[in-house]
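Residue numbering restarts at 1 for every chain, and letters A, B, ... go by the order of the sequence lines. Keep in mind that this is a model prediction, so the values were computed, not measured.
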2 protein chains.
Amino acid sequence: MKMSEGVEWALHTCLNLSWVTDGRAIRATTLAAFYELPPAYLNKQLQALARAGIVTSTSGPRGGFRLARRPEEITLLDVVVAIEGTEEAFRCSEILRQGPGGQPDVDYRQTCVISQAMRRAELSWRRELAAQSLADIKATVEHRFPAAPGQTRNRFTALRG
Amino acid sequence: MKMSEGVEWALHTCLNLSWVTDGRAIRATTLAAFYELPPAYLNKQLQALARAGIVTSTSGPRGGFRLARRPEEITLLDVVVAIEGTEEAFRCSEILRQGPGGQPDVDYRQTCVISQAMRRAELSWRRELAAQSLADIKATVEHRFPAAPGQTRNRFTALRG
DNA sequence: GTAGAACTACTCGGATAGAGGGTGTCCGAGTCGGCGCGG
DNA sequence: CCGCGCCGACTCGGACACCCTCTATCCGAGTAGTTCTAC
């Protein structure tokens with residue numbers, strides 16, 4: 001059970017975008033050069049973020065990506081779901097139906113105790129992710145590393161050429 | 001990010017094994033026939049459980065698997081880790097090192113705020129899994145479906161021939 | 001000088017190959033139970 | 001009748017193919033800026 005590496009990229013990229021104060025868009029190539037990531041592949045992840053309504057994309061010259069909403073309204077869960085999909089990690093395949101006393105018309109996703117326990121754990125995970133917004137991350141980083149926003153903006157302008 | 005299907009099989013199998021009151025071992029073929037699972041592949045999962053010390057295996061005639069400890073001392077996390085491995089889903093690849101102001105000698109797994117947030121969520125998931133023991137599941141099932149243990153034992157003896 | 005239109009270069013977007021891990025299967029090593037033989 | 005040794009079959013254990021998802025890449029569609037021309 002491993003998470004796509006794109007989640008990490010997407011989270012860091014969203015954080016970087018949150019420091020772009022003026023309304024300009026940042027293109028995928030620039031965002032990728034930030035961490036020496038493969039540009040085309042990061043672009044793919046950004047497309048997923050755009051489909052999820054987390055960023056907006058603009059084509060053509062001076063185009064690129066920018067956050068679609070305020071950082072307060074973007075949770076970590078939003079980003080994870082945008083990249084990984086909405087499906088949960090533990091998928092109950094209802095094997096109880098094949099066991100003794102298995103009923104064809106029972107929804108074992110609801111009645112199976114093991115499925116419930118696994119879902120409860122995963123719900124706890126999701127709740128924790130939903131409780132953290134991009135603004136929280138941003139504030140923590142700015143508190144611990146006050147130079148980060150400025151460095152990020154400088155790098156963006158330097159890479160623009 | 002999807003969990004191996006073997007986790008579901010392992011959990012149900014451990015639960016079934018918990019209903020074997022006498023000390024006899026159940027072979028993989030019988031355990032697989034219980035839910036019409038591929039026997040050889042379930043055997044592979046049972047090997048993982050054996051390596052993790054959750055079940056003990058016996059070779060030869062009348063051999064098979066039995067629980068290595070009491071159900072109270074087997075948590076859901078134990079089973080999940082035995083099948084999925086100890087590595088966490090979100091693996092911080094420390095991409096901050098490539099960014100502006102990246103230090104070669106800093107452990108970004110510890111300092112990166114995003115990594116911390118993701119780890120916190122995953123810890124919550126693990127904690128929830130560790131809080132549920134196989135005995136808890138067993139008790140809940142026996143309370144809701146009192147016929148389950150008897151059915152399971154009957155099926156085991158029926159499949160033994 | 002200004003407005004319009006065409007052109008050009010730039011950026012995203014989806015369609016297209018390659019690699020790694022999960023899925024599934026098979027056969028061999030080791031072991032336990034049973035059977036036969038001898039005392 | 002009882003004990004011992006051999007034999008045989010049975011079960012786990014690890015080594016071997018297959019497939020799907022993640023990773024990575026490329027080229028085309030669409031767009032905004034620019035430039036040129038005509039009024």
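Rounded to whole Å, the distance from CD on B:Glu84 to P on C:dG22 is 7 Å. Straight-line distance from the CZ atom of A:Arg27 to the C1' atom of C:dT11: 9 Å, rounded to whole Å. For the pair B:Arg66 CZ and C:dC32 P, the computed distance is 11 Å after rounding to whole Å.
B:Ala52 meets the side chain to side chain contact (heavy atoms under 4.5 Å, CB included) test with B:Ile54, B:Ala82; sequence neighbours excluded.
With the nearest nucleotide of DNA chain D identified for both A:Pro61 and A:Met3, A:Met3 has the one nearer the 5' end.
Contact annotation: A:Thr29 side-chain N/O to C:dT11 OP1/OP2 distance is not under 4.0 Å.
Heavy-atom distances under 4.0 Å link DNA chain C to A:Asn43, A:Lys44, A:Gln47, A:Arg51 of residues 36-52 of chain A, given in residue order.
In B:Arg62, the CZ atom is not crowded: 12 or fewer heavy atoms of neighbouring residues, nucleotides or ligands sit closer than 6.0 Å. More than 12 heavy-atom neighbours from other residues, nucleotides or ligands sit within 6.0 angstrom of CZ on B:Arg69.
Residue contacts shown for B:Ala28 are limited to sugar-phosphate atoms, with no base heavy atom under 4.0 Å away.
Side-chain polar atoms of B:Asp78 and B:Thr75 form a donor-acceptor pair below 3.5 angstrom. A:Trp19 and A:Glu142 share a side-chain donor-acceptor pair at under 3.5 Å.
Linking ILVMFWY side-chain heavy atoms closer than 4.5 Å, directly or via other members, places B:Met3 and A:Leu123 in two distinct hydrophobic clusters.
Ring geometry for A:Tyr41 against A:Trp9 counts as perpendicular: the plane angle is over 60°, on a 0 to 90° scale with 30° as the lower cut.
We find that A:Glu88 and A:Arg119 are joined by a salt bridge, their nearest charged nitrogen and carboxylate oxygen being less than 4.0 Å apart.
A nucleotide of DNA chain D counts as in contact with chain B when one of its atoms lies under 4.0 Å from a heavy atom; the first and last such, 5' to 3', are D:dC10 to D:dC22.
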